[in-house]
Amino acid sequence: MGVTLAPLNPADTPELRKARGAFFTPQPIVRFIADWALRDAADSVFEPSAGDAEFLVESVRRLRALSGDPTFTPVVHGVEIHKHSARVGRGRVRAAGGRPQIEVNDFFRVDSNRKYTAAIGNPPYVRYQDWSGDARLRSREAALRAGVSLTGLASSWAAFVVQSASILREGGRLGLVLPAELLSVNYAAPVRRFLFENFRNLEIVLFEEQVFPEAEADVVLLLADGYGLGPTDHATIRQAKNAANLAELELGMQWSPIDPAGKWTGAGVVPPAAHIPLARLTAAGSYSDLETWGDTTLGMVTGNNRYFALSPSRVKELGLPRNELLPLSPPGSTHLRGLVLSQYMLTRLGQNGKETRLFHPGSEPSAEAQAYIDAGHAAGVDQAYKCRVRKNWYRVPLVKPADLLLTCMNADTPRLTTNLAGVYHLNSIHGVFLKNDLREIGAELLPLASLNSITLLNAEMVGRAYGGGILKLEPREADRWMMPSPELVRSRATQLRGIRDQVARKLQAGRLTDAVRLVDQVLLLDAGQVTSDEIEGVRAAHAELTRRRTTRGKSGRADR
């Protein structure tokens with residue numbers, strides 16, 4: 001962190017810093033961005049959300065070096081909402097030989113008429129649930145003034161990107177540390193388009209390892225040059241192992257998105273040799289998105305799974321009648337790694353102590369159910385938010401049983417499982433409701449057909465990586481997840497049925513790769529959909545994306 005002139009305010013705890021999105025940036029990243037953004041001693045620099053002014057301290061060093069004058073005292077500018085941090089930052093800038101102009105204010109209240117050569121920093125990362133009230137309203141208004149309409153789901157950093165660009169002079173440079181959500185989330189679509197439309201050059205630096213383990217989120221570096229001189233039709237994607245390896249950064253490769261607002265996941269990582277088969281198969285109608293097959297929805301929210309989800313032994317202990325219970329896919333998704341969830345499998349799960357029943361009494365609960373309701377009230381279950389807002393707190397709003405169950409948090413890859421047991425599902429998984437004309441073939445064969453290398457690769461491209469190397473797939477992302485089309489599945493139905501038992505046994509043994517190779521052979525190779533060289537390229541790209549995701553997850557755990 002460099003020189004510290006004042007101790008941290010005792011009232012400024014790690015929890016408070018995390019709440020306002022303050023994570024301290026590794027010094028190699030700070031130096032890399034300052035060196036990239038500042039190219040002349042006369043450059044003016046601004047740091048939004050300056051914290052203790054790490055970027056401004058590094059800017060002083062860079063500007064003094066560029067001047068060649070040991071007496072040169074650069075003036076650097078910034079804003080910081082936390083008074084103590086601003087005071088520490090001013091002292092650090094002075095100690096480095098600069099003159100600080102750090103205002104204590106909300107960045108979205110700052111006069112954007114004053115323009116700077118460079119805006120650099122690490123904007124706060126506060127999720128939309130906590131980014132609320134006047135601060136969020138001001139941020140959205142500031143973005144709208146720049147022509148960017150952000151949804152209510154946008155986290156704090158999105159507006160910071162737009163506002164930071166708005167204080168740049170023509171030709172200015174923007175160097176920011178951002179969540180990797182920039183590449184993938186739906187709410188960032190207008191930000192992605194804004195960057196391509198307003199800058200002459202864009203660079204994205206990706207990291208193999210996690211940079212901020214305490215934030216449990218991956219980050220990228222955004223290097224945008226030539227503000228007001230856009231648009232550009234491409235970005236340069238570069239990769240580093242970690243912050244310490246930025247000095248050895250590779251030259252990178254150019255990447256041109258079809259739609260800048262679309263997801264950039266896989267940009268520069270998935271080579272053209274792997275993109276080409278998917279593009280060709282999609283154009284030919286052999287692949288389409290999951291939404292072609294049906295609708296993906298969230299599961300039920302109980303408010304307290306430990307209360308509402310019951311094992312058969314617990315049901316017996318409570319004496320609850322069968323008509324006040326519903327069949328339930330147990331919380332979690334470890335049991336959904338095969339092709340089907342049958343009644344036999346559900347029974348076995350219950351015998352092993354899993355919660356396979358949902359407590360759902362009628363309008364006139366039995367004496368046993370009423371006793372359980374009274375016990376829940378005494379324990380305060382009815383005070384949970386989702387319970388409190390219901391007319392009857394103990395009646396969970398139902399989502400009807402889905403045709404397919406989709407795992408949304410995955411260490412390997414998302415899985416589709418046919419819901420033969422007709423269970424209800426909680427929000428730890430998603431449900432897929434197949435279209436009427438596709439229900440029979442989809443329920444029978446889509447979970448099997450989805451286990452192909454192209455679909456696995458595309459899952460890494462449309463999903464997002466979370467802490468621990470987990471791949472998460474939200475319903476909107478699942479809608480765009482590429483699947484074999486109904487036409488392709490129908491044309492290969494006999495062959496798929498012929499390998500079903502082999503695939504099921506390999507999945508049961510935890511041999512996913514072997515199962516996928518069987519499906520690739522009958523669905524794609526034997527049908528002449530792809531060549532052997534193409535499928536090997538797709539497999540290699542999938543392995544690389546998976547390796548990157550799990551490597552970041554391991555590095556995050558190791559650093560905690």
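A salt bridge is defined here as a Lys NZ or Arg NE, NH1 or NH2 lying under 4.0 Å from an Asp or Glu carboxylate O, and Arg357 with Glu355 fails to meet this definition. A salt bridge does not link Asp259 with Arg192: every distance from a Lys NZ or Arg NE/NH1/NH2 to an Asp or Glu carboxylate oxygen is 4.0 Å or more. Looking at Arg439 and Asp403, a side-chain N of the basic residue comes within less than 4.0 Å of a carboxylate O on the acidic one, giving a salt bridge. Comment: Lys435 does not engage Asp295 in a salt bridge, judged by the lack of any side-chain N to carboxylate O separation of less than 4.0 angstrom. Between Glu477 and Lys472 there is no salt bridge, since no side-chain nitrogen of the basic residue lies less than 4.0 Å from a carboxylate oxygen of the acidic one. Classification of Arg517 and Glu536 as a salt-bridged pair holds, one side-chain N sitting under 4.0 Å from a carboxylate O. Ion pairing of Arg549 with Glu460 is present here, as a side-chain N (NZ or NE/NH1/NH2) and a carboxylate O approach within less than 4.0 Å.
Within the 4.5 Å cutoff, the side chain of Leu325 has no heavy atoms near those of the His360 side chain. Arg490 has its side chain within reach of Leu438: a pair of non-hydrogen atoms, C-beta onward, lies under 4.5 Å apart. Between Ile373 and Phe359, the closest side-chain pair of non-hydrogen atoms falls below 4.5 Å. A heavy-atom distance below 4.5 Å is not found between the side chains of Arg497 and Leu448. Between Pro486 and Ser288 there is a side-chain heavy-atom pair separated by less than 4.5 Å.
Residues satisfying the side-chain contact (heavy atoms from CB on, under 4.5 Å) test with Leu456, not counting sequence neighbours, are Thr413, Val516, His542.
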* Would you sort out whether Val423 and Leu405 count as a side-chain contact (heavy atoms from CB on, under 4.5 Å), showing the intermediate values? => CA-CA 9 Å; Val423 295; Leu405 303 175; 4.0 Å; yes

* Check step by step if side-chain contact (heavy atoms from CB on, under 4.5 Å) holds for Glu181 and Ser155. => CA-CA 10 Å; Glu181 289 184 356; Ser155 298; 4.2 Å; yes

* Stepwise, does the salt bridge (charged side-chain N to carboxylate O under 4.0 Å, His left out) test hold for Glu544 with Arg539? -> CA-CA 9 Å; Glu544 174 61 15; Arg539 289 169 180 166; over 6 Å; no

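A donor-acceptor pair is defined here as one N or O able to donate and one able to accept, closer than 3.5 Å; no such pair exists between the side chain of Ser453 and the backbone of Ile535. Here the side chain of Asn452 pairs a donor or acceptor atom with the backbone of Ala449 at under 3.5 angstrom. Thr296 contributes no side-chain N or O that, together with a main-chain N or O of Pro475, makes up a donor-acceptor pair within less than 3.5 Å. One N or O on the side chain of Thr407 and one on the backbone of Arg415 form a donor-acceptor pair closer than 3.5 Å. Distance alone, capped at 3.5 Å, places no donor-acceptor pair between the Ser333 side chain and the Leu336 backbone. Of the possible donor and acceptor atoms, none in the side chain of Asn458 sits under 3.5 Å from a partner among the backbone N and O of Ile454. A distance-only check finds no donor-acceptor pair linking the side chain of Asn427 to the backbone of Val301 [under 3.5 Å]. No side-chain donor-acceptor contact under 3.5 Å links Thr546 to the backbone of Ala543. Between the side chain of Asn392 and the main chain of Arg395, no donor-acceptor pair closer than 3.5 Å is present. Under the 3.5 Å distance criterion, the side-chain polar atoms of Ser485 are matched with a main-chain donor or acceptor of Gly285.
Residue Arg280 places its CZ atom among more than 12 non-hydrogen atoms of other residues, nucleotides or ligands, all under 6.0 Å distant. Remark: Arg388 CZ is packed, more than 12 non-hydrogen atoms of other residues, nucleotides or ligands lying under 6.0 Å away. For Gln508, the CD atom counts as loosely surrounded, since its 6.0 Å shell holds 12 or fewer non-hydrogen atoms of other residues, nucleotides or ligands.
Side-chain atoms of Thr292 and Asp289 form a donor-acceptor pair, as typed in the model, at a separation below 3.5 Å. Side chains of Ser366 and Glu324: a donor on one and an acceptor on the other come within 3.5 Å. At a cut-off of 3.5 Å, with distance as the only test, a side-chain donor of Gln529 or Ser286 sits close to an acceptor on the other residue.
To the nearest 0.5 angstrom, Lys506 atom NZ is 5.0 Å from Asp514 atom CG. Interatomic distance, CG of Leu473 versus CD1 of Ile429, reported as 13.0 Å (0.5 Å rounding). Rounding to the nearest 0.5 angstrom, the gap separating the OG atom in Ser491 from the CG atom in Leu496 is 8.5 Å. From Leu328, atom CG reaches atom OH of Tyr424 across 10.5 Å, with rounding to the nearest 0.5 Å. Taking OG1 of Thr356 as the reference point, atom CG of Leu341 lies at 10.0 Å (rounded to 0.5 Å). Leu195 CG to Ile204 CD1: the interatomic distance, rounded to the nearest 0.5 Å, is 7.5 Å.
Across all their heavy atoms, Phe196 and His234 have their closest contact at CE2-N, 3.6 Å. A pairwise comparison of heavy atoms in Cys387 and Trp393 identifies O-CB, 3.3 Å as the closest pair. Scanning all heavy atoms of the two residues, the minimum distance from Ser329 to His335 falls at OG-NE2, 2.7 Å. In plain terms, the two heavy atoms of Ala515 and Val503 that are nearest each other are CB-CG1, 4.0 Å. In this structure, Ala188 and Leu182 approach most closely via the heavy-atom pair CB-O, 4.1 Å. Considering all non-hydrogen atoms of both residues, Thr418 and Pro447 come closest at OG1-CG, 3.3 Å.
Considering Val177, Val219, Leu221 in turn, Val219 is the only one that fulfils the side-chain contact (heavy atoms from CB on, under 4.5 Å) rule with Val211.
Taking the six-membered ring for Trp and the full ring otherwise, the centers of Tyr307 and Tyr372 sit less than 6.0 Å from each other.
The cationic atom of Arg390 (NZ for Lys, CZ for Arg) lies less than 6.0 Å from the six-membered ring centre of Phe308 and within 45° of the ring axis.
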